Structure formats: structure tokens, C-alpha cells
Amino acid sequence: MEVNVELRKAKKDEQILKRRNISCFSMEDLSPEKEKNPVSMLQPNSAARLTSRRNPPLNEIIEAGIIPKLVEFLGHNDNPNLQFEAAWALTNIASGTSDQTRAVVEGGAVPAFIALLSSPHMHISEQSVWALGNIAGDGPLYRDSLINLNVIPPLLALVAPTTPIGFLRNITWTLSNLCRNKNPHPPLDAIGQILPVLICLLQHNDKDILSDACWAVSYLTDGSNDRIHVVVETGILPRLVQLMGAPELSVQTPALRAIGNIVTGTDEQTQRAIDAGVLALLPQLLRHPKPTIQKEAAWTLSNIAAGPCPQIQQLITCGLLPSLVEVLDKGDFKAQKEAVWAVANFTTGGTVQQVVVLVQSGILKPLLNLLSSKDSKTILVILDTISNLFLAAEKLGETEKLCVLVEELGGLEKIEALQTHDNNIVYRAALGLLEKHFADCSGHFPDTTQDLFGQVSGRNRIWQGDFKCGIH
Amino acid sequence: MLSSVVVFLQRVLLLVASDVDALCACKILQALFQCDHVQYTLVPVSGWQELETAFLEHKDQFKYFVFINCGANVDLLEILQPEEDIILFVCDTHRPINVVNIYNETQVKLLVKQDDDLEIPAYDDLFRDEEEDEEDSGNESEGTEPSEKRRRLEEVWFFQLCWKGGGGGRSAMVMFDLAWIMSKDLNDMLWYVYVTDIGTLQRHVSRHNHRNEDDENSLSIDCMRIAFEYDLRLALYQHWSLYESLCNTCYTSASLKLWSVQGQKRLQELLADMGLPLKQVKQKFHSMDISLKENLQEMIEESANKFGMKDLRVQTFSIHFGFKNKFLASDVVYATVSLMENIEKDESETDNFIRALDSLSRSNLDKLRQGLELAKKQLRAIQQTVASCICTNLVISQGPFLYCYLMEGTPDVKLFSKPVSLCLLSKYLLKSFVCSTKNKRCKLLPLIMAAPMNVEQATVIMVGIPPETESSDKKNFFGRAFEKAAESTNSRTLHNHFDMSIIELKMEDRSKFLDALTSLLS
């Protein structure tokens, strides 16, 4: 370890300032610096200092042809300070645009940085981790070339119980970039190497480490079912579910995203998530103050509701229906859209009994209210859902009751209004619904509320509109 | 909580005042820098002129300046006119802090403790600024994906730090807390803090010594143990003889009035009461009979009590290196001061500073011992000077203050041309004087002491010492008084010391200056 302690006597005539010896590159081409003190340009740490400024002249630095020199400095094992400052400068250049990152890569920095991962000086290996993170973050191309150059083993070797937290944070972030990006996804064997360490990092309690690690998992689960499989097999689900309930938004968000991705997989994979306890946490997330959390929770719910009947049943038994109703009623509009899908899926895959329970939970009112949404897709999904409800009602012989219910809740009006909707498909779907189910609707019904759809008060009503209303 | 902690990219210039606290703080900071490979240049500064000169000479090469025990009470930006990208860190116990330093957060970073009463006036009372829109920070960036690329900014190592914790205003403690926050290896640094502040760090000691226990069992020469325990408030006694220590410690000397014949008699009586034969007591402490050293502290305490000295035994920090080397915190303070202000060799202030700094490293025990020898000479000189001043009635009352002038030709007068030594002498003199006089009013007066500083230049160094009864720090009070007196008489004075109660003035101007001071403070 070099320690330069320089002493300076107070008397002006005795100056013992030592100057460091590196001045083998000049920065004369950097015009902003030209007017200023030319001596400072010859300082060895000029490049790093310049790149750390508010508006760094990265392009000028690149054009000055400094990069190959900086890369060369990375190899000076006898001069760690030089290595460190070159690493810092290159990190910052690589943090810029794709072109700037490319300049660093084409300067031959990658193998040098990978070698420095094993430097005996921690600050140098840490800086290298950072630089490589920037390069990997540029896109799948560089990510994969780093992987092919064997970046993963020395990187993972840096994770130890004694590794300082700041360093761990950097490593986690770089790992997340190695998991990031699709088209193509990272190679499966690389993921297989990274996952165990990632799982380890997820046990930590530093929120920054957790956040980046969860993001990494969310990237890994954002793909085909076999990618989801690899992640689920690590047994990470309970921890992910736990992190979904973390107080920090920065941890909650990616944990939820990861879980949301997982339940887009197979029924078995979804079941694993359910078994890990995700349903217990969804209600609070469905009413989370942050709209994105609400939305993604609802999206997750909608995908679980697309599962087989036993999973739908679990939604019921775990008390998700009241939360669903609440979202439809008062949630953020993006969350509402997802909730609509949840209901639709529920009614598609659920048994008649389950659908009944759904209706009994009070889902219809807020659902029908959303017919006034501006989003055509949502309207169509709702209309579809209503069709599904009628299918169930038919099996119970309660279509009339459903009619009345819909009408009571103001739904009929809304559907009728849709006949004048701009969107053709919406218009036709509304029309179809009205023709099929509301043509035979009539007014008089018994008072009893014992029937399964019964939420109506018996009341005469006058049917308005184009349809004949016979009296039964 | 710490705002942000990252490594410096640039080199740092350390400007360190010449006092023990600054030395200790500097030592800690150096250790922190070495841990994190921060390159720095160290410039000891003994006053404002040196500070300004050092800054001017380095401002083009450094971006970060750290001021230890200097700089807080002037408008640094005004005086130094730093470029926009230069950042000044100030760790200074001198109060009050100049308001500009407090309110300019971008260029001046103050290292203070949270409960330090900075006496900050409200910002709006001072500055009429345009209102800046506050950035809507934070929440929007939470929950977003991590950036794909990150630039490493030239963040600074420590910002304005505020944190909980007691302890008096000591720069070394500030630096120590910084090290603590950065989870550095602390035992060595802890010692530097103890040297300056026999304070409230008991808890730190127990935690650290648990770690050291294993070391002791292995009988390593390197093993170092810090203890907080009772010991005698007798200067350097374990490195001297008990007799010399009793004679040359201000507390005992003043209480017994050792400058007088009766005083000497009392000393004999005290020793007899302690059951300590004179021959033994005059031997080197280490050579004293072991049987006498048993229960020594209790014996001395009991006897001293009878003679009106109730505080002879106090709790203090001590450091033990192996079995043979034990130093009390006060020992180190005396040694360090003596090294810093050493007049024996004709060496520069900087060399002395560095030697004093080095003596704080445990690998330099020989330097520390050298300092102890110098300290003994210094303490003897102080006692003799005090005795002489009292016996020849050199301390006179000017009315609002006591005054004493050491004439040229006084033995050891050269020692007292140095600020810390002179202050030490003055404090001891005041204490002794108060004990010597029946005049109750004198006990309430401050003391202004002057001594020749540079004979060729005919300058005098003058210090102001607050009265015995005052507990608060009245140094800036003297500073202002000195300035005013100088102004009103056109005296040629130099207010170069960071401690405002210390000035230099031309010998010729001494009397008119004094007169002005007298009327000012009446």
C-alpha cells in the first residue's frame, strides 16, 4: 500500500512537494481545459476528475485517444493508484451512451477489468465491478460477451461474509445487469452460476442489496416457463413473498414484479407461489397507496385467477374477494383494469358455485360502473364477463334474476349506452348482450331473497327501450 | 446520520493547528486516510498567516482542504476566496463559528456534533436570498428499476456530519466518531481521543478491551490495553519521582504553597503523614520499594485530603503497552506539548509538529519518552517561574484584571515565548496566585500575561486567562478586547493565533496597549 505523506514546511523557500511521476499523456485536445491552468492537465488524475464533473466532456476525452492509455494503466500492478484512477475514468466513460461504452470495450478494457476483479486492492476490484456493470448494462450483446469472457466466477468470488456492504451493493447491481435484458435472455448456464449467490444476497438485510437482487430475480423470471422454473427451484419463493411485504418501496416493487412474473407460468409454478403465502400479502398490496403496486398486485391476482378451480378456490378462502371488490370500486384506474381481468378470468375458469360466490361478494356493482371507462378493451372484457355470468346463471335457471340485478345496479343503462360507442366491437358486443339476455327480461319477481342471485327487491318496473317486454 | 461516504479521488490538503487536540484529530484522520488510500499533504499551521499562505500555495493543486482546529470563526470564503469547485472541511473547536461558514453548505463543510450549540442565528435574519424552489425529491425514484449504467461522481468523503453522542467539543472526538461510523479499527484511534478528553468514553473502552483480552493472554509485545481507572493527578509521577511530581504539579504546589518556607514544611508533613520516607520519595518512581507502592494511591489520597487537596485522585485514561510501559493521558499531553514547542534544538515549527505527531504513534515510544523528559524540564521551569513571580510580587492588579510580565533575562523565558507553554504557565500562575493571596477580589479576576517573544524583532506574546471561577470559555472575549485595545492605541499587534486570546505585539506598544485594555475592561 502506497502512502504518500508529503510534508511542507511553512517557510516559502523550502518546498518539498513531491509530484507523482505520470505525465505520459497529454490532454491538450480538451478545449474546455485549454484556457485553464495547463499544468493541471498533466496531472495523472485529470481524466478521472474530468469524468466526474457535472457535465463531463466524455466525447472529447474519447476523441483525445486517451482510452487505450487508460486501459494500459489498468495493467500496472505495481502502481495501484494509477490502476484505480484509470478504472474510475473508464467506468465513467462507459457510463455514457452506447457509443461511449463501445469505445471503452473496443479499447480492450474488458479483459483488463476482469483480471482486476482479483486485484489484492479492494478499492480496485470494486471499481472494476462497477465498470463491468456499466458495460453489461449496455445491452445483451456486451452482457453476453462479458459472460463468455468468464466474468462470472471471479465476480462471484468477491461475495463473502467479510465483504463490506458498499462493495456488496456494487456487486449485486452488476449481477443484476448480467441478468437483465431480453432478446436474447442471458444464457441459462450463466444464470445457473449466478442464482445461488443471488439467493444468498437475498438473505441480506441491506435494502439496496435487496432491491437490486430482487430486480435481478424479476429479470430472470421475465421469460419462458423454463426460466421461471430455474428460479422457483431454488426455493426462493418464501423469501420473495416476505420481501413483497418489505417496508421499503424499492424492495417491494421488484419482489412483487418477480412474483407476478412467476404466476404467469405453469399452474404448478403458480401453486408454489400460493404455497409460499402470496395470497396473504395481496390484500394490503391491492390497497397500497402507490398506484404501481396496486396495479401489479391486481395483475398478479388476475393471473392466479386464470388458474384451475382449486386455485380459484384458494382466492376465495384466502379472502381475496373483498379486496378485489375494493380495487374495482376505488382503486387506481390501472389497477382497476387489471382487476377487471381478474374477474373475467375468474368467471371463465371458475365453477358455477365459485361464480356465485363471486357475485355475492358484491363484484357486480363496481364492475358495471367500469363500463363507463374510456378504455375499450376494459369494456369488452367486462361485457365478456357479463356473458360468462349469464352462462352460470343459465345453469342455475336464474338468468332473470341476473337481469334484474344488472339492471338494478345501473348496468343495463350503461350497456344500452354502449350501443352508441365509437368502437364497433364494443357496440356489437353490447348489442349482442342486450339481444341475448335482456330481451326476455320482465318486471315482476317474487319477494324472496333466498335464491342464489337474489339481491333484488321485488319491484315492478317498466322496461324501456326497443325490446318488448313480456309479462311472465 | 452520515450523509454520504465515498473515497476521495483528489488529494487532500490537511491544515492542522498546533495544539494537542488538533494533533490527535490529525492522527485519527491520517489513519482513516491510509485505510482508504486517500492521498494527502499535511501542513502544520501555527496561525492565520500560515493558513492563508498554505492555502494560496496549494489552491491550484488541491480541491479538498481540511482544517483541523482552525478556520471556524472567520469567514473562510471571504478570506481565502476559493474557486467554486474547492471544498473546505472544518473541524474546529473554536467558537463561535462564523455564520457564513454555517450557512454556506456547498463550499464549507463543518464537522460538528449534533448537540454542539453553535449559536446559529436564524438564516432569514441574516441573508436575504431569492427563494429557491425545492426540488421534489425522492419518492418518485423509489420503486423504479435500477439504472443500466452509473457514473461515479467525485463525491466527498464526509459531509456535514451530525450525529448523537455526548462529549465535549474536541476535534479528536469528532474524528473518532467519523472513524466509528466508518467501522474502522478503532483501538488506536481511541487513545488519541483520550489524550485530549478525559471524558465520557468509558463504554468504548470496555467494548474494545474485550477484543484485546485475547491478545494479552498471548503475551504479545504489541498488545495495547486502554484502561479507565483511578490514578493520581500528579504530573508524570510514574516517569519521575514522587517528590518531583509533587513539587511540580500545579495542584499540589499551589495548594501547599510550595514557594514559601511554610509550604516546604507542609510538604514534609504531608510526606510524613503518607508514611513515605524522603529518600524513597526522591527516587525514581519505578525504583521505589514495592511495599510502599502498594496502596499508594489510597494512602496519598487520604493524606492529601487532610491537607485540603480533595481531588488528588481522579479517574483517568491510561494506556498500557505490554507490562512495562504505562502512560496516563496527561503524561502524553505534557509530552506532546513539550515536543511541539521544543526550543532546545534550533528546528522549525514544522519539524517539531511532526515529531510531536510521531510521538503519538505507539511505535515511537522513544519519542514519547523524549517528550516526557522535555516535559519535566518544562514543568520545573514553570514551577520555578511561578514561585519567583509570586515571591517578587510580579503579579499586579490592574483593576479589572491581573497582569504579569516576564522580563527578558528571566530564567527559561525562552520557553515561554511559545503560546501553549505560556498559557500553561499563566494558568498555573493564576491558580497559585489565587492560593497565595488573601484578597478575595483577586480570585475573580482574569490574568493577562506577557513574555518576550522575539528579542530581535522586539515583540511580546500576550495571553488572556479567564478567572478561576469562570467555567465557560471566555477566550473570544479576550480576543475582542485585544482587538479594540490595539485599534484605539494604534498598537502594532498580530492576531495570528487561532486562539483569539493569544496575540503578539511590539514591545514598545506594550504600556499604552495595557492602559487601553485597562480602561476598556473597567
Side-chain angles (χ1 to χ4, degrees), chain A residues 1-12 14-15 17 20 37 39-40 43 45 48-49 51-54 56 80-81 84-85 88 91-92 94-96 101 121 123 127 130 133-139 164 166 173 176-177 180-181 211-212 215 218 248-250 252-254 290 292-293, chain B residues 5-11 13-15 18 30-31 33-47 49-51 53-54 56-61 63 83 85 138-155 182-183 347-351 353-354 357:
Chain A
M1 175 180 72
E2 283 186 333
V3 176
N4 288 349
V5 178
E6 301 169 66
L7 305 182
R8 194 202 158 274
K9 294 191 178 161
K11 293 179 194 157
K12 283 185 201 177
E14 290 173 74
Q15 292 205 23
L17 272 175
R20 283 171 51 210
N37 183 2
V39 176
S40 65
Q43 295 269 348
N45 49 12
R49 177 161 57 108
T51 63
S52 308
R53 272 195 197 157
R54 219 169 276 276
N81 288 324
F84 177 58
E85 288 175 5
W88 186 317
T91 300
N92 283 353
S95 75
T101 309
H121 307 280
H123 62 306
Q127 197 55 56
W130 193 325
N134 278 343
I135 296 171
D138 184 64
W173 173 75
S176 76
N177 270 359
R180 197 168 184 165
N181 287 311
S211 175
D212 282 346
W215 279 111
S218 77
E248 297 90 2
L249 197 60
S250 58
Q252 241 185 352
T253 306
K290 206 80 170 53
T292 42
I293 298 280
Chain B
V5 181
V6 180
V7 178
F8 275 118
L9 181 59
Q10 287 277 303
R11 286 183 294 160
L13 189 73
L14 290 189
L15 295 160
S18 304
Q30 282 178 297
F33 279 165
Q34 281 166 22
C35 272
D36 277 13
H37 311 278
V38 177
Q39 304 219 301
Y40 62 95
T41 295
L42 173 63
V43 179
V45 290
S46 52
Q49 283 182 353
E50 289 80 9
L51 189 152
T53 307
L56 285 172
E57 289 186 351
H58 291 95
K59 69 185 177 76
D60 289 330
Q61 301 134 39
K63 194 179 161 197
E83 302 275 318
D85 58 346
N139 278 339
E140 278 142 28
S141 59
E142 279 186 61
T144 49
E145 270 184 74
S147 347
E148 288 161 312
K149 297 178 187 171
R150 291 154 53 222
R151 185 158 67 104
R152 181 164 194 173
L153 298 172
E154 200 168 13
E155 294 148 336
M182 299 180 71
S183 307
E347 283 179 355
S348 69
E349 282 179 354
T350 304
D351 290 333
F353 180 94
I354 296 301
L357 197 64

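By convention in this document, chain letters (A, B, ...) are assigned in the order of the sequence lines, proteins followed by strands, and residues within each chain are numbered from 1. Bear in mind that the values here come from a model prediction, so they are computed numbers and not experimental data.
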Inset, instruction - Enter the distance from B/R152:CZ to A/N134:CG here, rounded to the nearest 0.5 Å. - result: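 Here the rounded value is 12.0 Å.
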Inset, instruction - First locate atom CD of B/E145, then atom OG of A/S211, and finally report the distance between them rounded to the nearest 0.5 Å. - result: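 Between atom CD of B/E145 and atom OG of A/S211 there are 10.0 Å.
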For residues [X] and [Y], report the shortest heavy-atom separation together with the two atoms involved.
| X | Y | value |
| --- | --- | --- |
| A/T91 | B/R150 | CG2-O, 4.3 Å |
| A/T253 | B/G143 | CG2-O, 3.3 Å |
| B/R151 | A/N92 | CG-OD1, 3.2 Å |
| B/E148 | A/N177 | O-ND2, 2.7 Å |

Legend entry - Residue part contacting chain B, namely of A/A136, when any heavy atom lies under 4.5 Å: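 It is neither, since no heavy atom gets under 4.5 Å.
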Inset, instruction - Could you look at B/S147 and say if it's the side chain, the backbone, both or neither that has a heavy atom under 4.5 Å from chain A? - result: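 It is the backbone, since no side chain atom gets that close.
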